[in-house]
Amino acid sequence: MRLILNILWLILGGGLVTALLWFLGAVIMAITIVGLPWARACVTIGAFNLWPFGREAIDRSEVTGRDDIGTSPLGTVGNIIWFVLAGIWLAIGHVTAAIGLALTIIGIPFALQHLKLAYISLFPIGKMVVDREVAAEARRRKGSMDLDRIRTR
């Protein structure tokens with residue numbers, strides 16, 4: 001079912017067009033050199049745009065179990081800069097597309113995907129896109145570690 005929905009997404013939900021726009025944004029960011037951290041985020045979101053059903057964005061630290069530069073305070077600063085300059089506008093674009101698609105019953109699954117993309121558009125640095133099962137397992141493992149830490153107090 002995911003395969004069928006992803007194929008329909010590419011054709012009818014705007015997935016191919018939005019992915020190409022995200023990849024164009026990555027090229028523009030990379031050309032500026034200063035925008036390299038955001039270029040990587042654009043590529044991640046562009047790939048997410050191509051195949052969103054069955055996948056979700058999650059903090060890298062939840063998957064890897066350790067912090068890196070994207071999940072550190074420097075990543076937070078990068079996300080704030082991104083939010084002000086581009087994130088809010090990109091999220092508004094995805095929400096607008098979601099509203100348009102949600103007007104029809106058949107467009108509701110595609111509208112939900114645009115809402116997922118709007119979420120990652122706001123603060124993309126420090127995120128990675130994984131299968132839904134991997135995200136659930138990472139959250140379960142993190143919850144188990146948090147529970148162990150509480151019990152040892």
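The model shown is predicted, which means the values in this text are computed figures rather than measured ones. For reference, positions follow the sequence shown, starting with 1.
A distance of 11.0 Å separates CG of N6 from CD1 of I11, quoted to the nearest 0.5 Å. Taken from CH2 in W82 to OG1 in T76, the straight-line distance is 16.0 Å, to the nearest 0.5 Å. Within the model, atoms CG of L122 and CG of L117 stand 11.0 Å from one another, a figure rounded to the nearest 0.5 Å. To the nearest 0.5 Å, atom CG of residue L90 and atom CG of residue L21 are 9.5 Å apart.
When all heavy atoms are compared, the tightest approach of G15 to T18 is O-OG1, 3.2 Å. A pairwise comparison of heavy atoms in S121 and A91 identifies CB-N, 4.0 Å as the closest pair. Nearest heavy-atom pair, A19 versus G46, reported as atom, atom and distance to 0.1 Å: CB-O, 3.5 Å. Of all the heavy atoms in A98 and A111, the pair that sits closest is O-CB, 3.2 Å.
Side-chain atoms of S144 never come within 3.5 Å of backbone atoms of R140 as a donor-acceptor pair (strictly under, hydrogens ignored). Looking only at distances, a side-chain donor or acceptor of R141 sits under 3.5 Å from a matching main-chain atom of E62. In this structure a side-chain-to-backbone donor-acceptor pair under 3.5 Å is missing from W22 to A41. With W38 contributing its side chain and P124 its backbone, the two residues share no donor-acceptor pair below 3.5 Å. Put simply, the side chain of R55 gets close to the backbone of W51: a donor and an acceptor are under 3.5 Å apart. For the pair N79 (side chain) and I125 (backbone), a donor-acceptor distance under 3.5 Å is present.
Under a hydrophobic-cluster definition in which Ile, Leu, Val, Met, Phe, Trp and Tyr are linked whenever side-chain heavy atoms come within less than 4.5 Å, directly or via other members, L101 and L8 are assigned to the same cluster. Taken together through direct or relayed side-chain contacts under 4.5 Å among Ile, Leu, Val, Met, Phe, Trp and Tyr, I81 and I33 form parts of separate hydrophobic clusters. No continuous path of hydrophobic side-chain contacts links Y119 to F48 [ILVMFWY only; heavy atoms under 4.5 Å]. The hydrophobic cluster containing L24 does not contain L50, counting ILVMFWY residues as joined when their side-chain heavy atoms lie under 4.5 angstrom apart, directly or transitively. Both L16 and I7 are members of a single hydrophobic cluster when ILVMFWY side chains are connected at heavy-atom separations under 4.5 Å.
Atom CG of L103 is surrounded by more than 12 heavy atoms from other residues, nucleotides or ligands within 6.0 Å. More than 12 heavy atoms of other shown residues, nucleotides or ligands fall within 6.0 angstrom of atom CG in L147.
A 4.5 Å side-chain heavy-atom check between F53 and P109 finds at least one atom pair inside the cut-off. Proximity of D148 to M145: side-chain heavy atoms (C-beta onward) are nowhere separated by under 4.5 Å. Contact annotation: the side chain of M1 approaches that of L5 to within less than 4.5 Å [non-hydrogen atoms, C-beta and beyond]. Counting heavy atoms from C-beta on, the side chains of M128 and V130 come closer than 4.5 Å. Taking 4.5 Å as the limit, every side-chain heavy atom of L36 sits out of range of all side-chain heavy atoms of M29.
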Under the criterion side-chain contact (heavy atoms from CB on, under 4.5 Å), I'd like the reasoning laid out for K127 against D59: C-alpha separation, chi angles, the key distance, then a yes or no. CA-CA 4 Å; K127 302 268 193 254; D59 286 338; 2.7 Å; yes
So H94 and N49, side-chain contact (heavy atoms from CB on, under 4.5 Å) or not? Walk me through it. CA-CA 11 Å; H94 280 294; N49 265 278; 3.9 Å; yes
Verdict with reasoning, E137 to K142, per side-chain contact (heavy atoms from CB on, under 4.5 Å): CA-CA 8 Å; E137 179 61 25; K142 183 178 182 308; over 6 Å; no
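Between R139 and E56 there is a salt bridge, with a side-chain nitrogen of the basic residue lying less than 4.0 Å from a carboxylate oxygen of the acidic one.
The aromatic rings of H114 and W9 sit tilted, their planes meeting at an angle between 30° and 60°.
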